[in-house]
Structure formats: structure tokens, C-alpha cells
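Written below as C-alpha cells is the structure these notes are about.
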Amino acid sequence: VQLVESGGGLVQAGGSLSLPCAASGTIVRPNTMAWYREPPVKQRELVAAITSVGIINYADSVKGRFTISRDNAKNTVYLQMNGLKPEGTAVYYCALSYRKDYWGQGTQVTVST
């Protein structure tokens, strides 16, 4: 399984970004796809997760601002980020979990003040 994220970049505080992540290889369902982020000098943390039947979980810090969705036919998960804050600056990683965890290479999101 390979995961490829895209869509990162530089955005001003209050702005929006959309991060897609495409999975390829042998994708087995049910599975969970998720977005994590790793801020500078901090541990990686869960941002949002969605199961293959649409059950969703968000970190409290992003509720109401971020939306996770997935297209099972395309094996793609999306993270729509609105109202970005400077503390959202991080490398964002896509993950797929089925018996083991698979990770993408990450995409940098920088939120300026």
C-alpha cells in the first residue's frame, strides 16, 4: 500500500487548504483512513479519522473547522481545513489502517500570522 499526500503549502491565518491523499496497491476494506500532523518539536497527533463506512472522529482542536471525507471508489481521503491557525503549522501525514498502519510521506502546511 502506498499513500501520496498533496495540497500543502503556505496560507495566512484564517485561510483554507484542502489536502487529498490517494492510496494505491491492495486496499482491503473495512479500513480506517486518517490525517495526523506533526508540529515542530512536538509529537505526531491525530487530526481526523474516517472509517470505510463513514464513521468520523475529530481532534477537539479542529472540530467545526476541519472536515474529513473519503471516496472509496478512488481510495482517496480528503481533509478540508478552514479557519487555519498558526498552531496548525505542521507536517500533515495521511494514514491507512488495516491490520497494520501505512503512512504517506507527509505534506508541509505553514500558517502565517
Side-chain angles (χ1 to χ4, degrees):
V1 175
Q2 292 184 327
L3 301 170
V4 179
E5 307 101 332
S6 60
L10 174 64
V11 63
Q12 287 189 330
S16 299
L17 278 177
S18 180
L19 304 181
C21 170
S24 60
T26 302
I27 309 298
V28 180
R29 286 194 287 269
N31 60 56
T32 297
M33 298 189 79
W35 285 96
Y36 288 75
R37 65 187 178 188
E38 190 171 310
V41 300
K42 291 186 178 179
Q43 289 187 332
R44 193 172 299 187
E45 61 183 10
L46 175 69
V47 176
I50 182 168
T51 71
S52 47
V53 295
I55 298 171
I56 292 173
N57 181 42
Y58 291 105
D60 288 343
S61 59
V62 306
K63 283 180 180 177
R65 298 185 296 118
F66 289 13
T67 302
I68 190 170
S69 60
R70 64 186 287 169
D71 184 334
N72 287 333
K74 296 180 179 179
N75 291 317
T76 300
V77 64
Y78 305 91
L79 185 67
Q80 176 64 41
M81 305 185 292
N82 298 327
L84 281 161
K85 303 177 180 180
E87 52 264 41
T89 294
V91 178
Y92 284 70
Y93 294 92
C94 174
L96 184 148
S97 299
Y98 174 75
R99 294 186 177 176
K100 64 176 287 187
D101 294 333
Y102 299 90
W103 294 91
Q105 80 287 351
T107 185
Q108 176 70 45
V109 172
T110 302
V111 185
S112 64
T113 56

Establish whether [X] and [Y] are linked, either directly or via other cluster members, by ILVMFWY side-chain heavy-atom contacts under 4.5 Å.
X: Val109; Y: Tyr78; answer: no
X: Val91; Y: Ile68; answer: no
X: Val28; Y: Ile50; answer: yes

From [X] [atom1] over to [Y] [atom2], what is the distance, rounded to the nearest 0.5 angstrom?
X: Thr51; Y: Arg70; atom1: OG1; atom2: CZ; answer: 7.0 Å
X: Tyr36; Y: Asp101; atom1: OH; atom2: CG; answer: 6.5 Å
X: Leu96; Y: Asn75; atom1: CG; atom2: CG; answer: 8.0 Å
X: Cys21; Y: Trp35; atom1: SG; atom2: CH2; answer: 5.0 Å
X: Ile56; Y: Thr32; atom1: CD1; atom2: OG1; answer: 11.5 Å

Taking all atoms of both residues into account, what is the closest heavy-atom pair of [X] and [Y], and its distance?
X: Val77; Y: Ser69; answer: CG2-O, 3.2 Å
X: Tyr93; Y: Gly104; answer: CD2-O, 3.6 Å
X: Ser16; Y: Gln80; answer: CB-NE2, 3.9 Å
X: Arg29; Y: Asn31; answer: CG-ND2, 3.4 Å

Looking at Leu17, Asn82, Leu19, Leu79, which one forms a side chain to side chain contact (heavy atoms under 4.5 Å, CB included) with Phe66?
-> Leu79
With a 4.5 Å limit on heavy-atom distance, are the side chains of [X] and [Y] in contact?
X: Ile27; Y: Met33; answer: no
X: Met81; Y: Val111; answer: no
X: Cys94; Y: Trp103; answer: no
X: Gln12; Y: Leu84; answer: no
X: Pro30; Y: Val53; answer: no

Among Glu87, Glu5, Glu45, which one satisfies salt bridge (Lys or Arg N to Asp or Glu O under 4.0 Å) with Arg37?
->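 Answer after filtering Glu87, Glu5, Glu45: Glu45.
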What do you reckon, is CD of Gln2 surrounded by more than 12 foreign heavy atoms closer than 6.0 Å?
->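 Not more than 12 within 6.0 Å, no.
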